[in-house]
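This report concerns only the one structure given below.
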Amino acid sequence: MLESILAGLSGLAAGIEFLFSSGLPNVIMLLVGGGLLYLGVKKQVEPLLLVPIGFGCALVNIPLSELMDDGGMLRTLYEAGIANELFPLLIFVGIGAMTDFGPLLENPKILLFGAAGQVGIFLTLLLALALGFPELEAVAIAVIGACDGPTAIYVASQYAPQLLGPISVAAYSYMALVPIIQPPIMKALTTEKERVVRMGTIKKSVSRQTRLLFPIVVTLVTGLIAPKGLPLMGTIMLGNFMRESGVVARLTHASENEIANIVTLFLGLAIGGTMEGHAFLKPATLAIFGLGFVAIALDTVAGVGFGKLMCWLSGGKINPLIGAAGISAYPIAARVVQQQGQRYDKRNYLLMHAAGANTGGQVGSVVAAAIMLSVLKGMGMI
């Protein structure tokens with residue numbers, strides 16, 4: 001008994017010595033982990049991911065935890081699902097199973113808003129390169145601008161794993177902050193007359209055949225144009241095809257519920273495990289968060305700017321606010337557009353139009369990542 005007590009006291013003393021010597025970064029990250037838990041629980045900011053990330057961050061920064069060492073729990077999760085890209089791809093199957101592309105198919109030209117909403121990715125890529133980030137790291141950072149957590153995790157885990165922690169936290173943090181970031185930009189770039197444009201209702205006339213063909217056609221086109229991004233597009237379209245087929249309800253239900261929930265838990269813990277203090281607290285981390293903000297702001301500017309162009313070309317029939325939904329923060333950005341539209345006109349209902357632009361952004365973010373990866377492959381960098 002005495003030996004056990006002495007061993008425990010010895011371990012406690014070693015832990016205290018660790019904290020007061022080289023452990024200051026770990027102390028800071030313990031506070032960061034606590035902050036993430038607070039945001040997830042108290043403020044309900046992306047709780048499904050921030051809670052396991054925050055807990056994983058706390059676990060890996062406890063002195064002598066060894067959870068990210070070979071054989072440790074967090075290392076095992078990381079190698080089982082992130083190092084081999086499995087977890088983000090499984091989440092994409094769930095996203096596809098939950099996504100209704102009907103509003104997009106009702107008005108296909110709205111897909112252009114999804115393309116405009118990715119402009120910030122490419123501009124931020126240039127900015128990251130100008131700041132001295134290597135090509136692969138710059139691409140991974142720029143993808144934060146997709147406002148699509150799984151895409152950012154997929155790209156970072158494969159081509160910039162050393163930045164996975166800050167990129168993942170930045171991506172999901174900014175997704176949650178879309179209702180704060182976008183409205184001031186939307187107001188600044190539009191006139192009062194443009195903000196109250198009513199677009200009417202969307203008729204639900206898309207045939208079942210069209211809904212079934214859409215995921216197949218998109219997958220084939222992506223595979224031919226940007227094959228490096230086929231795992232991303234293929235999995236999201238698999239989930240959507242299962243949804244629309246109506247013959248695999250059990251698989252669809254499992255993909256958007258049990259599988260997605262379990263994978264999200266493991267994914268969050270593994271990402272938290274990459275946030276060890278000495279590895280996380282670097283100047284590059286602050287730069288990543290700054291560039292991520294710039295990317296999403298530029299996406300919003302480009303989307304609303306394109307919306308203004310479409311408003312002019314249509315003779316004032318398109319509300320430019322829906323351009324803000326062209327990012328991939330689904331369905332957060334669509335709800336923001338609806339809220340802002342009704343802020344200026346209580347009887348203006350933009351949700352279905354914004355949902356179409358938002359689903360276009362979901363596809364656009366994956367296409368943007370696929371194109372960048374395929375270009376890098378063509379240049380022999382990956």
message: Do M98 and V206 sit in one hydrophobic cluster, given that two such residues count as connected whenever their side-chain heavy atoms are within less than 4.5 Å of each other, even indirectly?
response: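 In one cluster: no.
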
task: Kindly work out whether a path of hydrophobic side-chain contacts (I/L/V/M/F/W/Y, heavy atoms less than 4.5 Å apart) joins I216 to V221.
output: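 No; V221 is not reachable from I216 via cluster members.
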
- request: On the 0 to 90° scale, with breaks at 30° and 60°, tag the F306-F113 ring pair as parallel, tilted or perpendicular.
  value: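 Plane angle over 60°, so perpendicular.
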
Within [range] or reaching into it, pairs that qualify as salt bridge (charged side-chain N to carboxylate O under 4.0 Å, His left out) - sequence neighbours excluded:
| range | answer |
| --- | --- |
| residues 210-223 | D100-R211, R211-E244 |
| residues 247-266 | none |
| residues 296-314 | E194-K308 |

With the side chain counted from C-beta on, respond yes when [X] and [Y] share a heavy-atom pair under 4.5 Å apart, and no when they do not.
| X | Y | answer |
| --- | --- | --- |
| I288 | I144 | yes |
| R243 | N240 | yes |
| I110 | N107 | yes |
| E137 | Q162 | yes |
| M242 | S255 | yes |

Minimum-distance pair of heavy atoms, taken over all atoms of [X] and [Y]:
| X | Y | value |
| --- | --- | --- |
| L232 | A369 | CD1-CB, 4.3 Å |
| A334 | N358 | N-OD1, 3.2 Å |
| M372 | L125 | SD-CD2, 3.8 Å |

- request: Please check if any side-chain donor atom of Q362 sits under 3.5 Å from a side-chain acceptor atom of D148, or the reverse.
  value: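 Yes, side-chain donor-acceptor contact under 3.5 Å.
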
- request: Go through L298 and V294 one step at a time and tell me if the side-chain contact (heavy atoms from CB on, under 4.5 Å) criterion holds.
  value: CA-CA 6 Å; L298 289 174; V294 169; 3.6 Å; yes

- prompt: Any sub-3.5 Å donor-acceptor pair from T264's side-chain atoms to L49's backbone N or O?
  reply: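 Checked: no pair found.
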
- prompt: Within the distance-only criterion (no hydrogens, no angle test), does the side chain of S65 pair as donor or acceptor with the backbone N or O of N61 below 3.5 angstrom?
  reply: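 No.
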
Pairing of R75 and D69 as salt bridge, 4.0 angstrom limit: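 Salt bridge between R75 and D69, a charged N being under 4.0 Å from a carboxylate O: no.
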
